[in-house]
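Notes for the one structure printed next.
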Amino acid sequence: MKLGYPCMNYTIGCKISTFKLQSFSEERLVDSITTNLNNLEKILLYNKENGFGFLRVSSDLIPFASHSIMNIDWSKKFKDHFEKIGDIIKENNFRISFHPGQFVLINSPKIDIFEATVRELEYHVKMLDLMNLDTTAKIQIHVGGVYGDMEAAKSRFIDRYHSLNQKIKNHLVIENDEKSFSLQDCLDIHSETNIPIIFDNLHHEVKNNGETLTEAMQLVQPTWTSKDGVPMVDYSSQQENSVAGKHCDTIDLTHFEGYLSEILNQFDVDIMFEIKDKELSALQALKLI
DNA sequence: AGTTGTCAAGCTAGT
DNA sequence: ACTAGCTTGACAACT
């Protein structure tokens, strides 16, 4: 069981460097990428020292990577740095995931949105390739929109998924969401595609078909094969006095203890803490375990 | 130095 | 009709 947190580390002050499109220049791009890769290295070192084996890497490592403005071969320029980071990941047996943004929509009825999605996924695969990571490193996305017809939305996802190149399919996984696509909807898609499912407990609490945590995990676990590695899960709990599904600002240890007691000794999972204060909550969880 | 409007991209639910 | 929330706030122009 590896624990992780997303993208940034407040303790060591590692945030994402980016800039606005109107400020795009080669110098600005190189500065941001250099900062981001250096910070990624620092976060990995911090994780080694603090017992974290899982990390979500920011999709903004390369600003505007899949935008038409991008005319710089960043992969050539930063090949060595990515390779070095990949070596650190492999030497320490770290688990890595990406979670690209809400604009990645495999099942959009609009073909240009799908094409932009493919470009964005290709960018993520390129980073994984530069780091020489295997198929246990994952790119996690939501199924997408419903567009007024759930069955059509699902079957469009399935058809579009089949049309993706194998390199993308090697890393792509879907997550149950709190509004549209429940665990059961993800399982329907899995049965036609074999795509692994990331189980998000908070989304499941908001939208489900009555499955307990144990039942949900029993359904999710077989969607991950040996080439995919142990299942990744997202963990969070509800922020009080906010809309259902809002991630909490800091970990609710009582809630997590209940979650853990049901998971532990039953399932091997790598847990991503989707909690606003990141490594601070993840440290508390680590201490509890 | 601190505050505020804005930022490549989409969708859903709540107001 | 508008906005919060989502992957992850951070940039940039103002006071």
Side-chain angles (χ1 to χ4, degrees), chain A residues 4-10 13-25 28-29 31-33 35-36 39-40 43 55-71 96-124 127 138-150 152-154 156-157 160 172-182 185 198 200 202-203 206-207 232 234-236 238-239 241-249 272-282:
Chain A
Y5 56 92
C7 306
M8 307 191 303
N9 184 306
Y10 293 115
C14 286
K15 299 179 177 183
I16 302 302
S17 168
T18 184
F19 48 88
K20 294 193 177 174
L21 184 57
Q22 61 181 20
S23 314
F24 189 95
S25 70
R28 206 59 199 274
L29 181 76
D31 280 356
S32 275
I33 298 174
T35 301
N36 290 338
N39 283 347
L40 177 54
I43 290 172
L55 180 69
R56 180 180 296 166
V57 177
S58 171
S59 292
D60 286 337
L61 228 48
I62 316 292
F64 305 104
S66 68
H67 191 280
S68 58
I69 200 171
M70 182 57 72
N71 57 353
I96 294 297
S97 71
F98 283 112
H99 194 337
Q102 60 271 46
F103 311 106
V104 166
L105 294 157
I106 297 274
N107 74 348
S108 173
K110 295 176 186 164
I111 198 69
D112 55 328
I113 292 176
F114 174 65
E115 285 168 356
T117 292
V118 172
R119 285 196 297 277
E120 183 74 0
L121 293 175
E122 282 170 344
Y123 149 59
H124 285 79
M127 288 192 284
K138 293 303 182 192
I139 303 168
Q140 123 183 38
I141 60 169
H142 293 285
V143 177
V146 176
Y147 310 98
D149 185 340
M150 174 57 90
K154 278 189 210 171
R156 199 163 47 242
F157 182 97
R160 292 269 179 76
L172 208 59
V173 299
I174 51 172
E175 173 193 352
N176 62 301
D177 70 75
E178 81 282 23
K179 286 178 179 154
S180 306
F181 296 91
S182 67
D185 296 318
I198 288 201
D200 183 306
L202 176 58
H203 294 163
V206 177
K207 187 172 176 66
M232 293 175 176
D234 284 345
Y235 173 81
S236 191
Q238 176 65 38
Q239 175 69 24
N241 304 318
S242 292
V243 296
K246 182 169 166 59
H247 296 140
C248 53
D249 291 339
M272 176 56 56
F273 290 91
E274 288 194 325
I275 297 177
K276 301 291 180 199
D277 66 2
K278 306 192 183 294
E279 84 284 357
L280 302 173
S281 282

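All figures in this text were calculated on a predicted structure; none of them were measured in a lab. Below, chain A is the first sequence line, B the second, and so on; all start at residue 1. These numbers come from the heavy atoms of this one structure, side chains and all, not from hydrogens, waters or symmetry mates.
- Residue contacts for A:Thr117: at a heavy-atom cut-off of 4.0 Å it reaches no nucleic acid atom on any strand shown.
- Taking 4.0 angstrom as the limit, A:Arg56 places a side-chain polar atom (N or O) nearer than this to OP1 or OP2 of C:dT8.
- Side-chain proximity of A:Glu120 to the nucleotides B:dG10, C:dA13, B:dA9 is greatest for B:dA9.
- Between A:Phe273 and A:Tyr235, the gap from one ring centroid to the other is short of 6.0 Å.
- Backbone-only contact: A:Ser180 has heavy atoms under 4.0 Å from sugar-phosphate atoms and none from a base.
- Here A:His203 does not reach the OP1 or OP2 of C:dC6: none of its side-chain N or O atoms lies under 4.0 Å away.
- Taking 4.0 angstrom as the limit, A:His142 places a side-chain polar atom (N or O) nearer than this to OP1 or OP2 of C:dT7.
- Close placement of the A:Phe19 and A:Phe64 rings is indicated, their centers lying within 6.0 Å of each other.
- Which of C:dC6, C:dT7, C:dA10 sits closest to the side chain of A:Lys276 comes down to C:dC6.
- If you check B:dG10, C:dT8, C:dC11 against the side chain of A:Ile113, the one that comes closest is B:dG10.
- Side-chain N/O atoms of A:Ser66 and A:Glu120 include a donor and acceptor closer than 3.5 Å.
- Residue side chain A:Lys20 reaches the base of C:dC11 through a donor-acceptor N/O pair under 3.5 Å, judged by distance alone.
- At a threshold of 4.0 angstrom between heavy atoms, the contacts of A:Ser58 include nucleobase atoms, whether or not backbone atoms are also involved.
- When heavy atoms are screened at a 4.0 angstrom cut-off, A:Arg119 is found touching no nucleic acid atom at all.
- Rounded to a whole Å, the CE atom of A:Met70 is 13 Å from the P atom of B:dA8.
- Using the six-membered ring where Trp is involved, A:His124 and A:Phe98 have ring planes that are perpendicular, over 60° apart on the 30 and 60° scheme.
- Across all strands shown, A:Val146 has heavy atoms under 4.0 Å from sugar-phosphate atoms exclusively, and none from any base.
- At a threshold of 4.0 angstrom between heavy atoms, the contacts of A:Phe64 include nucleobase atoms, whether or not backbone atoms are also involved.
- Residue A:Gln102 has its side chain nearest to C:dC6 when only B:dA13, C:dG9, C:dC6 are considered.
- Spacing between C:dG5 and C:dG9 at atom C1', rounded to whole Å, works out to 13 Å.
- Within the nucleic acid shown, A:Gly101 comes within 4.0 Å of at least one base atom, counting heavy atoms only.
- Taking a cutoff of 4.0 Å between a charged side-chain nitrogen and a carboxylate oxygen, A:Asp185 and A:Lys154 qualify as a salt bridge.
- Spacing between C:dT7 and B:dA1 at atom C1', rounded to whole Å, works out to 31 Å.
- Residues A:Ile106 and A:Leu121 are in side-chain contact: their nearest non-hydrogen atoms beyond the backbone lie under 4.5 Å apart.
- Distance CG (A:Leu29) to C1' (C:dC11): 16 Å, rounded to an integer number of Å.
- Separating the CZ atom of A:Phe24 from the C1' atom of B:dC7 is a distance of 16 Å, rounded to the nearest angstrom.
- Closest to the A:Asp60 side chain, of the nucleotides C:dA12, C:dT8, B:dG10, is C:dT8.
- For A:Leu21, taking side-chain heavy atoms from C-beta onward, the closest of the listed nucleotides B:dC11, C:dT7, B:dA8 is B:dA8.
- Donor-acceptor pairing under 3.5 Å is lacking for the side chains of A:His247 and A:Gln238.
- At a threshold of 4.0 angstrom between heavy atoms, the contacts of A:His124 with the nucleic acid are absent.
- Using P as the reference atom, C:dA4 and B:dT4 are 16 Å apart when rounded to the nearest Å.
- Taking the syn range as angles within 90° of 0, the glycosidic angle of B:dT4 is outside it, so the base is anti.
- Note on A:Tyr10: only backbone sugar-phosphate atoms sit closer than 4.0 angstrom, heavy atoms only; bases stay farther off.
- For the pair A:Arg56 and A:Tyr5, the cation-pi test (distance below 6.0 Å, angle within 45°) is failed.
- If you measure from atom NE2 of A:His99 to atom C1' of C:dC6, you get 8 Å, rounded to the nearest angstrom.
- Residue ring and base: A:Phe103 counts as stacked with B:dA9 (centre distance below 5.5 Å, interplanar angle below 30°).
- Distance noted for atom C1' between B:dT3 and C:dC6: 25 Å (whole Å).
- Nucleotide C:dA4: paired with B:dT12 (Watson-Crick or G-U wobble, both distances less than 3.5 Å).
- Checking C:dT8, C:dT7, B:dG10 against the side-chain heavy atoms of A:Lys278 singles out C:dT8 as nearest.
- Nucleotides C:dT8 and B:dC7 place their P atoms 23 Å apart, quoted to the nearest Å.
- A:His67 has its NE2 atom 8 Å from the C1' atom of B:dA9, to the nearest Å.
- Between A:Ile69 atom CD1 and B:dC7 atom C1' there is a gap of 14 Å when expressed in whole angstrom units.
- Taking a pair to require two hydrogen-bonding distances under 3.5 Å in either a Watson-Crick or a G-U wobble arrangement, B:dG5 pairs with C:dC11.
- Here A:Lys207 lies out of heavy-atom contact (under 4.0 Å) with every strand.
- In this structure, the CD atom of A:Glu115 is 14 Å from the P atom of B:dG10, given to the nearest Å.
- A:Asn39 has its CG atom 11 Å from the P atom of C:dA10, to the nearest Å.
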